[in-house]
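The structure appears right after this line, and notes come after that.
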Protein chains: 2
Amino acid sequence: MPNDDVQTTGKVTIFDVAEASGVSYGTVSRVINNDPHVRPATRARVMDAIQRLGYVINRQAQSLARGQTHVIGVLVPELGNGYIGEIMRGIDGELDQAGYDLMLFTTHRRAAKEANYVASLVQGVVEGLLLVLPRNPADYLGVLSARKFPHVLIDHQGIDTTSPAVGATNWQGAFVATEYLIGLGHRRIGFITGSMDLGCAQDRLEGYKAALRAHHLPICPELIYEGDFFQHAGVQGANALLDLPEPPSAIFASNDVMAMGAMDAVRHRGLRVPDDISIIGFDNIPQSAVLLPPLTTVQQPLEQMGRVATQMLFDMLQEPGKRTSRIELPTELIVRQSTAPYRNRIG
Amino acid sequence: MPNDDVQTTGKVTIFDVAEASGVSYGTVSRVINNDPHVRPATRARVMDAIQRLGYVINRQAQSLARGQTHVIGVLVPELGNGYIGEIMRGIDGELDQAGYDLMLFTTHRRAAKEANYVASLVQGVVEGLLLVLPRNPADYLGVLSARKFPHVLIDHQGIDTTSPAVGATNWQGAFVATEYLIGLGHRRIGFITGSMDLGCAQDRLEGYKAALRAHHLPICPELIYEGDFFQHAGVQGANALLDLPEPPSAIFASNDVMAMGAMDAVRHRGLRVPDDISIIGFDNIPQSAVLLPPLTTVQQPLEQMGRVATQMLFDMLQEPGKRTSRIELPTELIVRQSTAPYRNRIG
DNA sequence: GCACTTTTTGTAAGCGTTTACAAAACATCC
DNA sequence: GGATGTTTTGTAAACGCTTACAAAAAGTGC
């Protein structure tokens, strides 16, 4: 007689379990779903059969029958940078707690495809969608909104105002950081922007300008270098700024990665950070704390943004009609050793 | 009479489309699946109805009926570091081409949960599993193998030998890099290891040792600092090595991130790279090229590893019985400016 | 032990597709 | 214009589960 231990192959269904334990398939279903209406003895028998046969539930079928998948989709422009990783960590944590699974889509490849892509892929598989740092959201948002498909944007305060979103107080963060440099005595402060097609980059620039204005300092176009959030732009931006006839004494980069590039460029010229040039970043990625010198930066609550966005999405799933909102989480200035009081460097 | 344009809500099924276009649901299914056995005129009529009603297929139901989901799962220890991001890029690209979707699982949170976690979550939802850099794979591999569940390991040449895997030639990479330093005249070469619980970290260390041996140089335990692949370990490792009575003239870090830390530490002591100390990394993450100086490193074909692993998985799905293999993709030494010929630095 | 209530179990229908098979429509030839 | 062969279309059953409802069993109080 063959061993009927854990089946290694083939599909074990609810019917097999029912037969093996001498109950009906309905009862097996109830056991699986922890329905209280089942006698302890019966439950034990069924559980035993489940073990023996190595039964695991078929989520497809369950989803189909229940009409819900317990999967949410996350759309990211790309993996690889730590910034998105932090956000993902928050999303993942929250999803995990709720027992949801996560389907990952990247735009970078299919960006060119038709706008319906998101809607069509997503329909029937994911219950909601989290859009991280969408670059040209106009494409999908139309479809998503039209279909009333639950979704929330993360870190994009762009043109669209109808979709719920969570971001950070980029403007204030940049304002505070700039003000801090001004407080240290710096008067000429260089600024390296991010990709200006992103709302957050624009906001940071505006915050910088506003702080200068608030302190009656001139806004010099030559002190503003247009970057793109990549390290290389930090290097080039710093070089461009330091080549100026009247170079700045401090550089504010729109993210930490560019700040790192700027730090390298400064040192490569034989100048010291922060003695000769103060440098400040934005994001507070994990690396910033272990640089030499540790980087002064504006902390973005990235993980929290992920968490909050996920919770918002769950709210929407619960009460489909609910008024959606746009949330901005506070940034915080983290003072470390890459900034110092101004002193007349050359003369 | 109400407008029957794109429905914004509710579910449009194959039956609705059938009714709207005056054909049977079977025909609609055929149209959806591009079955050639349907008259052009009929096809057009159905397509039109699909458009009008805004029908999109329900993947759950399709999966259930077809018995395949077109989803594969990827299990990663964490997001956030660029290393995994590169691998993911390769996976994603390959999946995309094949029209598969990607479900992402992270271990870091549920690691403590029972070993069946992978199997139970996965069964019925994903057709195969890619395990990226699994840290304690013994837990799941047993279940996976027992169930003959298609899976491939990425970058883990550990104890387990039965599962198919793709990795890189870590040993050779480290050997070549070390030999390169020796060729530059260095005799005392410091080594900062990765997490020694990972096979790749062990292999790199062995490659380093083998190169020394091959050139009849002594293996000095004090020159080997045990790190963990994080930047901080690079800083500490470099400091420890340089504090030695007889410090090394070159440092080989087991990954680029630690090499960056080491570079910072070296400079912080007023020494220059590469003039005083040569530094070499491993991985060739995108950042390494834009450091100052650009980092000499061993390139790992991360994206390619992702691609190859995914292809292997597809092969396994196609021919379930197929003999599985373990592949090692070649590493390559990338010479940049963080390494220089040895010269007697102090004396 | 009976009538009654409550709990447990079984059954049938449904979720939205696919697909094998049968039926109907069309084309082709003599 | 019928016999024949080829497409095209319709129908029914299946995929593995949930769930409302009905039936059976078990538990009560007298």
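Here the straight-line distance linking atom OG1 of B/T13 with atom OH of B/Y25 works out to 11.5 Å at 0.5 Å rounding.
Contacts of A/Q304 classified as side-chain hydrogen bond (donor to acceptor under 3.5 Å, both in side chains), with partners at least two apart in sequence or in another chain: none.
Residues A/V125 and A/T69 fail the side-chain proximity criterion, which asks for heavy atoms closer than 4.5 Å. Taking the side chain as every heavy atom from C-beta outward, A/L104 and A/M88 approach each other to under 4.5 Å. B/R307 places none of its side-chain heavy atoms less than 4.5 Å from the side chain of B/P301. Residues A/I32 and A/Y55 have side chains in contact (heavy-atom distance under 4.5 Å, counting atoms from C-beta outward). Annotation: side chain of A/R66 is in contact with side chain of A/N33 (closest heavy-atom distance under 4.5 Å). When side chains are defined from C-beta on, A/D101 counts as touching A/R59, because their heavy atoms get closer than 4.5 Å. Residues A/D315 and A/E319 fail the side-chain proximity criterion, which asks for heavy atoms closer than 4.5 Å.
Shown here for A/A309 and A/L130, the closest heavy-atom pair between the two residues is O-CD1, 4.0 Å. Residues B/R30 and B/H37 approach most closely at CD-O, 4.1 Å, considering heavy atoms.
Contacts between chain A and DNA chain C, taken as any atom within less than 4.0 angstrom of a protein heavy atom, begin and end at C/dT8 to C/dG16.
More than 12 heavy-atom neighbours from other residues, nucleotides or ligands sit within 6.0 angstrom of CD on B/Q311.
For the segment residues 62-71 of chain A, residues with any heavy atom less than 4.0 angstrom from an atom of DNA chain C are, sorted by number, A/L64, A/A65. Less than 4.0 Å separates DNA chain D from at least one heavy atom of each of the following residues of residues 27-43 of chain B: B/T27, B/R30, B/P36, B/H37, B/V38, B/R39, B/T42.
For D/dC17, one of the phosphate oxygens OP1 or OP2 lies less than 4.0 angstrom from a side-chain nitrogen or oxygen of A/Y55.
Following rounding to the nearest Å, A/Q60 (CD) and D/dC15 (C1') show an atom-to-atom distance of 11 Å.
Applying the salt bridge (charged side-chain N to carboxylate O under 4.0 Å, His left out) test to pairs two or more places apart or on separate chains, those with a residue in residues 37-48 of chain B are B/D48-B/R52.
For the helix from C/dG1-D/dC30 to C/dC30-D/dG1, the axis fitted to the five pairs at one end and the axis fitted to the five pairs at the other end meet at an angle of 30° (nearest 10 degrees).
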